[in-house]
Chemist: 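Before I ask anything, here is the structure I am working with.
Source: prediction; values computed, not measured.
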Amino acid sequence: MDDVLQLDATAQAELVRRREISPTELVDAAIARIGRLDPKINAVILPSFEKARAQAASRDLPDGPFRGVPFLLKDLGGQSAGDPYCAGTRILRDLGRREEADSYFTAKLRAAGFCFVGRSNTPELGLLPTTEPEAFGATRNPWNLEHSPGGSSGGSAAAVAAGMVSIAHASDGGGSIRIPASHCGLVGLKPTRARSSFGPDAGERWSGLSCELVVARSVRDVAAVLDVVAGPMPGDPYFAPPPREPFVKALARRERLRIGLMTEGPRGVAVHPGCVAAAEKAARVLEDLGHVVERSHPAALHDPSGVESLVVLIGVNTVRTLEVYEEMAGRKLGPDDMEPLTWALAQAMRERRASELLAAQQKVHAFSRRMAAWWEEGFDVLVTPTTAEPPPRLGWLTSTREEPFRAFARAASFTAYTSAFNLTGQPAISLPLHVTADGLPVGAQLVAAYGREDVLLSLAAAIEEAAPWADRRPRLE
């Protein structure tokens, strides 16, 4: 059964449709592999095995495109009815709360036929590009257990890379889909802002910086899930423009594009040669496919005001999150309730004036217009490394009470290429195109204009065909 688990989600669903395997058999295989491998990796922190088995065996299991495919929900967003939800925190873990209802996003996944085998590890409130929460312990990278799988969707990425599941929920407020995809040798698409709904409990997350989708092994899985979850729901404050056609149809499209290549570090950030190699490989493949590739990128990527505004928006949202947790707990929180970075960030932002939040939002809007101008000049896609550094050793991206902002400062090498597109709301995808001399995966990032996931998926499918990665897997047994 392990061979079946190494297939992508589309292939697994096809086996179920042809009745070559049952949903129960597929779910049981995933549960067995989690039981065997997760003690080494610590990706699945809140298992839901019996509910998944019941879901798989039910006559009411929806006959959707992913009927019977095992799936992990990240412990941040993607709320599921009756299940615990901790957001990587001790305070919610200890309260033992369970969600009353599915989020719209989760409900769409459930209707597609996915069977939820549990929730995956995430850093506290998703604040870091590593997955080492004090509440649940560090998740290890299947490619090298001494290294980080990235964050904040690190638990999901580690589980998919290890073959526990073929696909898993992920979210991205500064790179949290793309970074773990890069670190674990997977495909990770950050969709256009508001491509899917955060309802019914929220209109947006992190003031529009964040979005949800998956980490996966194949481009076709990403496109198919995007078709499942895309579209507005009643009461959404805004939503992305509808696609011209289903995203899966874009996979077959081939058109000649003008592509910019950037390998220098934004704002002077140093870039590891292996990460440069990933972007240059993407550029060579694209040239071989007939596209025009030239060294060019938006000058605004070197502007520090974008990052400064991002920190303000994340910090103010962290303050509000802690206020909500205080309401849940029925008491004031103190520094011992949260990790050092979370508490210090919230304390620093409590003193900010309301006008400073508006100023940060205005700077983001101005930054986005300057960025968009480069695409308006005639470029279709920007290619960059996904990160400026390969997966770090566990412990590198952590803070202490004495140095609460240490992890934030060290995170710059991992978010340098990703966070700008959370500010602009543009779609960006990381593809697993290179492995360093030390055997660690690094990805190449492709970025399209606002609303144009179809362009990225078309290019990504062509790259996957020309430079396949399906057989590149970590050795765990």
Chemist: Give a yes or no on whether the backbone of Trp206 and the side-chain of Ser210 come within a donor-acceptor separation of less than 3.5 Å.
Modeler: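 Not a single qualifying donor-acceptor pair exists.
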Chemist: Report the C-alpha separation of Glu453 and Thr192 in whole Å, then their side-chain angles, then the decisive distance to 0.1 Å, and conclude whether the side-chain hydrogen bond (donor to acceptor under 3.5 Å, both in side chains) test is met.
Modeler: CA-CA 7 Å; Glu453 290 100 323; Thr192 295; 3.1 Å; yes
Chemist: Within the 3.5 Å criterion, strictly below it, is a donor on Thr436 or Asp438 matched to an acceptor on the partner's side chain?
Modeler: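 Thr436 vs Asp438: no donor-acceptor pair found between side chains.
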Chemist: Verify whether one side chain among Glu264 and His302 offers a donor that lies under 3.5 Å from an acceptor in the other.
Modeler: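 A pair is found: one side chain offers a donor N or O, the other an acceptor, under 3.5 Å apart.
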Chemist: Is any side-chain heavy atom of Arg193 closer than 4.5 Å to a side-chain heavy atom of Gln426?
Modeler: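 Counting from C-beta outward, Arg193 and Gln426 never come under 4.5 Å.
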Chemist: Closer than 3.5 angstrom, by distance alone: can the side chain of Arg33 be matched with the main-chain N or O of Ala162 as a donor-acceptor pair?
Modeler: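 Yes: the side chain of Arg33 pairs with the backbone of Ala162.
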Chemist: Return yes when atom CZ of Phe49 has more than 12 non-hydrogen atoms of other residues, nucleotides or ligands closer than 6.0 Å, and no otherwise.
Modeler: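 Above 12, so yes.
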Chemist: Out of Asn42, Leu46, Leu72, Asp38, which residue meets the side-chain contact (heavy atoms from CB on, under 4.5 Å) rule with Asn121?
Modeler: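 Of Asn42, Leu46, Leu72, Asp38, side-chain contact (heavy atoms from CB on, under 4.5 Å) with Asn121 is met by Asn42 alone.
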Chemist: Regarding Glu212 and Lys108, does a basic nitrogen lie under 4.0 Å from an acidic carboxylate oxygen?
Modeler: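 No, Glu212 and Lys108 are not salt-bridged.
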Chemist: Sub-3.5 Å donor-acceptor pair from the side chain of Ser182 to the main-chain atoms of Arg178, do we have one?
Modeler: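 Here the side-chain-to-backbone pair does not exist.
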Chemist: Rounded to the nearest 0.5 Å, what separates atom CG in Leu440 from atom NE2 in His272?
Modeler: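 Between atom CG of Leu440 and atom NE2 of His272 there are 8.5 Å.
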Chemist: Looking at every heavy atom in both Ala444 and Ala278, which two are closest together, and how far apart are they?
Modeler: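 In this case the closest contact between Ala444 and Ala278 is CB-O, 3.5 Å.
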Chemist: Would you say the side chains of Ser166 and Asp8 form a donor-acceptor pair under 3.5 Å?
Modeler: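 There is no such pair (donor and acceptor under 3.5 Å, judged by atom type) between the side chains of Ser166 and Asp8.
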Chemist: Output all residues satisfying ring pair (Phe, Tyr, Trp, His ring centres under 6.0 Å) with Phe414, sequence neighbours left out; order by chain, then residue number.
Modeler: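 Phe414 satisfies ring pair (Phe, Tyr, Trp, His ring centres under 6.0 Å) with His183 only.
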Chemist: Is the count of non-hydrogen atoms from other residues, nucleotides or ligands lying under 6.0 Å from Arg369 atom CZ greater than 12?
Modeler: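 Result for CZ/Arg369: open.
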Chemist: What closest approach, in Å, do Pro241 and Tyr450 show between heavy atoms, and which atom pair accounts for it?
Modeler: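 Between these two residues, the closest heavy atoms are CD-CE2, 3.7 Å.
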Chemist: Test salt bridge (charged side-chain N to carboxylate O under 4.0 Å, His left out) on Arg119 and Asp83; report intermediate values, then the result.
Modeler: CA-CA 9 Å; Arg119 301 190 75 87; Asp83 294 329; 5.5 Å; no
Chemist: Determine the minimum heavy-atom distance between Lys363 and Ser309, stating which atoms define it.
Modeler: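 Answer, listing the atom of Lys363 first, then Ser309: CB-OG, 3.4 Å.
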Chemist: In the structure I gave you, are the side-chain heavy atoms of Ser152 and Pro123 within less than 4.5 Å of one another anywhere?
Modeler: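 A side-chain contact exists here, since the closest heavy-atom pair is under 4.5 Å.
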Chemist: Ignoring hydrogens and geometry beyond distance, is a side-chain donor-acceptor pair present between Ser296 and Trp374 at under 3.5 Å?
Modeler: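 A pair is found: one side chain offers a donor N or O, the other an acceptor, under 3.5 Å apart.
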Chemist: To the nearest 0.5 angstrom, please state how far the CZ atom of Arg244 sits from the CG atom of Asp454.
Modeler: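 If we round to the nearest 0.5 Å, Arg244:CZ and Asp454:CG are 6.0 Å apart.
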Chemist: Does any non-hydrogen side-chain atom of Trp469 lie less than 4.5 Å from one of Leu433?
Modeler: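 Leu433 reaches Trp469 side chain to side chain.
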Chemist: Would you confirm whether Ser197, through its side chain, and Gly199, through its main-chain N or O, come within 3.5 Å as a donor-acceptor pair?
Modeler: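 It does hold such a pair.
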Chemist: Go through it in stages, so that I can follow the logic: the residues are Glu280 and Arg295, the test is salt bridge (charged side-chain N to carboxylate O under 4.0 Å, His left out), and I'd like the CA-CA distance, side-chain angles, deciding distance and then a yes or no.
Modeler: CA-CA 11 Å; Glu280 290 181 338; Arg295 297 256 175 196; 3.2 Å; yes
Chemist: Does a donor on one side chain and an acceptor on the other come within less than 3.5 Å for Gln79 and Thr106?
Modeler: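 Absent: no donor and acceptor within the cut-off.
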Chemist: If I take atom CD from residue Gln12 and atom CG from residue Asp221, how far apart are they, to the nearest 0.5 angstrom?
Modeler: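 CG of Asp221 is found 8.5 Å from CD of Gln12.
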Chemist: Might you work through the side-chain contact (heavy atoms from CB on, under 4.5 Å) test for Phe71 and Val117, ending with a clear yes or no?
Modeler: CA-CA 6 Å; Phe71 189 89; Val117 295; over 6 Å; no
Chemist: Have Thr139 and Thr131 got a donor and an acceptor in their side chains that come within less than 3.5 Å?
Modeler: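 Checked: Thr139/Thr131 side chains show no N/O donor-acceptor pair below 3.5 Å.
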Chemist: Decide salt bridge (charged side-chain N to carboxylate O under 4.0 Å, His left out) for Glu50 and Arg53; before the verdict, give the C-alpha distance in whole Å, the side-chain angles of both, and the deciding distance to 0.1 Å.
Modeler: CA-CA 5 Å; Glu50 293 312 310; Arg53 287 187 172 111; 2.6 Å; yes
Chemist: About how many Å separate OH of Tyr104 and CG of Asp201, when rounded to the nearest 0.5 Å?
Modeler: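 Taking CG in Asp201 and OH in Tyr104, the distance rounds to 9.0 Å.
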Chemist: Run Phe247 and Val222 through side-chain contact (heavy atoms from CB on, under 4.5 Å) and show every step you take.
Modeler: CA-CA 9 Å; Phe247 291 110; Val222 169; over 6 Å; no
Chemist: Going through the checks in order, is the side-chain contact (heavy atoms from CB on, under 4.5 Å) test met by Phe66 and Val225?
Modeler: CA-CA 9 Å; Phe66 292 102; Val225 174; 3.9 Å; yes
Chemist: Nearest 0.5 Å, what's the SG-CG distance between Cys115 and Leu61?
Modeler: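 Between Cys115 SG and Leu61 CG, I get 5.0 Å after rounding to 0.5 Å.
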Chemist: Are there more than 12 heavy atoms of other residues, nucleotides or ligands under 6.0 Å from atom CZ of Arg18?
Modeler: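 For Arg18, atom CZ is crowded (more than 12 foreign heavy atoms under 6.0 Å).
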Chemist: With Ser430, which of Thr387, Thr386, Thr418 fulfils side-chain hydrogen bond (donor to acceptor under 3.5 Å, both in side chains)?
Modeler: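 Filter result, single survivor: Thr386.
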Chemist: Enter the distance from His365:NE2 to Leu423:CG here, rounded to the nearest 0.5 Å.
Modeler: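 If we round to the nearest 0.5 Å, His365:NE2 and Leu423:CG are 10.0 Å apart.
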Chemist: Would Arg17 and Glu14 pass as an ion pair if we require N to O under 4.0 Å?
Modeler: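 Glu14 and Arg17: salt-bridged.
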Chemist: Do Phe114 and Val214 have side chains that get closer than 4.5 Å, going by heavy atoms?
Modeler: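 Not touching, per the 4.5 Å side-chain cut-off.
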Chemist: Might you point out which heavy atoms bring Ala81 and Lys51 nearest each other, and give the distance in Å?
Modeler: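 Nearest pair, atom of Ala81 first, then Lys51: O-NZ, 3.2 Å.
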Chemist: How about Val160 and Cys184: do any of their side-chain heavy atoms sit closer than 4.5 Å?
Modeler: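 In short, these two side chains do not touch, never coming nearer than 4.5 Å.
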Chemist: Between Asn141 (side chain) and Ser148 (backbone), is there a donor-acceptor pair under 3.5 Å?
Modeler: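 Yes; judged by distance alone, with no hydrogens or angles, the pair exists.
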Chemist: Could you check whether any side-chain heavy atom of Leu189 comes within less than 4.5 Å of a side-chain heavy atom of Arg195, counting everything from C-beta outward?
Modeler: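 Leu189 does not reach Arg195 side chain to side chain.
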Chemist: Quick one, Arg256 and Leu289 - any side-chain contact, counting heavy atoms below 4.5 Å?
Modeler: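 They are not in side-chain contact.
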Chemist: Could you walk me through whether Phe379 and Leu257 pass the side-chain contact (heavy atoms from CB on, under 4.5 Å) check?
Modeler: CA-CA 8 Å; Phe379 285 93; Leu257 301 177; over 6 Å; no
Chemist: So do the side chains of Leu397 and Pro392 get within less than 4.5 Å of each other, counting heavy atoms only?
Modeler: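 Yes. Closest side-chain heavy atoms under 4.5 Å.
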Chemist: So, Ser156 and Lys74: side-chain donor and acceptor under 3.5 Å apart, yes or no?
Modeler: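 No - no donor-acceptor pair under 3.5 Å links their side chains.
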